2 protein chains.
Amino acid sequence: MANIQQVAEKAGVSVATVSRVLNHAASVSTKTRLKVENAIKELNYEPSMLGRNLRNSESRLLLVLLPSISNPFYTEIINGIQNTAIANSYNILLCETDSNPQRENIYFNMIKNKLADGVISMDPTVNRQKLTELAESHPVILCSEYDEGGSVPFVTIDSELAAYQAVKHLIRLGNKKIALINSDEKFLYARQRRSGYERALKEFDLPIREEWIYHTRDLEFQNGVQAMRMLLELEEKPTAVFAVSDTLAIGALKGINGSGLHVPNDLAIIGFDNISFSNMTNPTLTTVSQPMYKMGVTAANMLIMSIKGEQVESVVLDHDLIIRESTMG
Amino acid sequence: MANIQQVAEKAGVSVATVSRVLNHAASVSTKTRLKVENAIKELNYEPSMLGRNLRNSESRLLLVLLPSISNPFYTEIINGIQNTAIANSYNILLCETDSNPQRENIYFNMIKNKLADGVISMDPTVNRQKLTELAESHPVILCSEYDEGGSVPFVTIDSELAAYQAVKHLIRLGNKKIALINSDEKFLYARQRRSGYERALKEFDLPIREEWIYHTRDLEFQNGVQAMRMLLELEEKPTAVFAVSDTLAIGALKGINGSGLHVPNDLAIIGFDNISFSNMTNPTLTTVSQPMYKMGVTAANMLIMSIKGEQVESVVLDHDLIIRESTMG
DNA sequence: GTGAAAGCGCTAACAG
DNA sequence: CTGTTAGCGCTTTCAC
């Protein structure tokens, strides 16, 4: 691979001039530019980002941290991020942390090392302290999951309200025994969604029973299946289930299908996220839709502003309850 | 952010010594090392990969090109790649091309620019000529989709055989009218799977009817739904369907569920890929399992060997037919 | 309008 | 065992 030196020699100019041509600087005569452009073509030259980045100390790369790409929830967000990034001449680096602190460290170092200009974290398991520390000297945006009272800007939805509305929908359908399939309450969204669930129950004077609240280890389907099995073994079975993610809800659906009970006739289900698969299940899944693409766009725009040194404010976006077959009993 | 110079000053040594400590070179006295390590800690120093990479002309980053992260098929492959990469002190850069040549170009340039050391492409829509050209001077491995008769090493499965076996399974169950939901036959795997489908039919003297072969635009669920609707409108309806991807098969399942027909009693379905969803559908989906994790591991190992300058041979891995409810009529 | 030269942060050869 | 120094590829003053 040719370098700028060789191009300069071939064109019979200095490296400075080649650099000027590359960066579309004004002060190059047409004649010289043509010579340089020809040399570039002939040598099949491509400028090295490494040299450029070192010099400019910017990489035009954005890091996107996510716990796992297996949850389709992230797909649309990433599209939003990616399109916005590209529109601003940035590229994105998708980094799966698998909630592994060691991997996390690797990626944090990439930021510190100037291999990336900023980071959008969607990983709720991320080490908060380290992230906050990083955010003091580097652009960081949180997406979806965030830090209550923290200093790092975020974009998210009102999880408490969304959960409240979802559960209220179940109550209006006549359900009095409503279970919650929650993930680990170390996550803020899990605490918020539980809180919304409880607010709705309280408002309608329905009891909050611990045995109807199941906590899963993570958001894989299988956990939903397992949760549902447990709930169906109870003396007093719930007549409706609110799951904090579609993956869990779909697993729950599977668990019910295996039990001879029918959704929505015997049991109503609501999920959360509106992943594409939630419209493919049988029955289709009622769910809370987050504006995923918009979240991605917003997060990326915030990050890019932050990289430019501008101040950014956190954003709370709107959600929707998408009513489908699983609550049409 | 401190640089190596400042660390050297603080420690009262030369930058070379600091570099030695950073790279765990043997020839540093314990006393000096301690001094340097202290200085590093005090200054909160992190070496810049940019400087290092420029010097070493390596980035220890591997590019992974995929058309879209929305197909869960890629998830496990990526896990395999990622784990292998990390075990060899590489990191991966996930790049969604959306089958967009412009994005592709960006990523190819990253390779040329030494921002990444090599690339694994899983994108069947990738510009073959450009990729082959790139492969002449840079490490490139194809994963899953490959170039027949091309020079770029690949790891894949025997799609023709897998399709043949899947269709044969349907025939053995007594089906004589078997439809194929295929993707665009510009893709090699699509041509191969069709070929396997036809071989099985011929072997049992079953007719190959064009109206039972449906081509989709891409692999999104919705295309499967659409395909199934078309097939169910035929005068002579098929009694079984082989779809070349689970996403299509799941869509087809959805299409059937909406029609009042029953799987597997009225219609059997086989998919391809064994994505995690395929076990969550109702009924669960019979499918061809590709060794996705192993494919990822193999591809990554091949790429790393190739980066080291070693010769690598293409690999064809084994597949399995996973029999589930959708063919248990 | 163009060139010479410094320097971004780091490593490695060489010298001592 | 440690320091000096050149140089990776590029951009950007500063002269001319």
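Because the structure is predicted, anything quoted here is derived from the model rather than measured. Per chain, numbering begins at 1; letters A, B, ... match sequence-line order.
The residue A:L54 sits close to a base: some heavy atom pair falls under 4.0 Å. Within 4.0 Å of B:S27, counting heavy atoms only, lies at least one base atom of the nucleic acid. Note on B:V13: only backbone sugar-phosphate atoms sit closer than 4.0 angstrom, heavy atoms only; bases stay farther off. Nucleic acid contact for A:T17: sugar-phosphate only, since backbone atoms but no base atoms lie under 4.0 Å from a heavy atom of the residue. Across all strands, A:N53 comes closer than 4.0 Å to no nucleic acid atom at all (heavy-atom distances).
Separating the CD1 atom of B:I4 from the P atom of D:dG3 is a distance of 12 Å, rounded to the nearest angstrom. Between the CD atom of A:E9 and the P atom of C:dA4 there is a distance of 12 Å, rounded to whole Å. In this structure, the CG atom of A:L50 is 15 Å from the C1' atom of D:dT11, given to the nearest Å. In this entry the distance linking CZ of B:R60 with P of C:dT11 reads 13 Å, nearest Å. In this structure, the CD atom of A:E46 is 15 Å from the P atom of D:dG9, given to the nearest Å. Counting to the nearest Å, the P atom of C:dG7 and the CZ atom of B:R55 are 19 Å from each other. Counting to the nearest Å, the C1' atom of D:dC1 and the NZ atom of B:K35 are 12 Å from each other. Atom CD in B:Q5 sits roughly 12 Å away from atom P in D:dG3 (whole-Å rounding).
Of the candidates C:dC10, D:dC1, D:dT12, D:dT12 carries the atom nearest the A:S19 side chain, counting heavy atoms from C-beta on. Of the candidates D:dT12, C:dC10, D:dC1, the closest approach to any side-chain atom of B:R52 belongs to C:dC10. Distance from the side chain of B:A16 is smallest for D:dG3 among the nucleotides C:dT2, D:dT12, D:dG3.
Applying the 4.0 Å criterion to OP1 and OP2 of C:dG3, one finds that A:S14 has a side-chain N or O inside that range. For C:dC10, neither phosphate oxygen OP1 nor OP2 lies less than 4.0 angstrom from any side-chain nitrogen or oxygen of B:N56.
A:S306 contributes no side-chain N or O that, together with a main-chain N or O of A:M302, makes up a donor-acceptor pair within less than 3.5 Å.
In this structure, the side chains of A:I4 and A:P47 stay at 4.5 Å or more apart for every pair of heavy atoms. For the pair A:Y189/A:T156, no side-chain contact is recorded, criterion being any heavy-atom separation below 4.5 Å from C-beta on. Residues B:K130 and B:E104 have side chains not in contact (no heavy-atom distance under 4.5 Å, counting atoms from C-beta outward).
A:Y293 pairs with exactly one of A:N79, A:N83, A:T75 by the side chain to side chain donor-acceptor pair (under 3.5 Å) rule, that one being A:N83.
The 5' end of DNA chain D is approached more closely, in terms of each residue's nearest nucleotide, by B:V28 than by the other of B:V28 and B:G51.
Counting atom types as modelled, B:R20 pairs a side-chain N or O with a base atom of D:dG3 as donor and acceptor under 3.5 Å.
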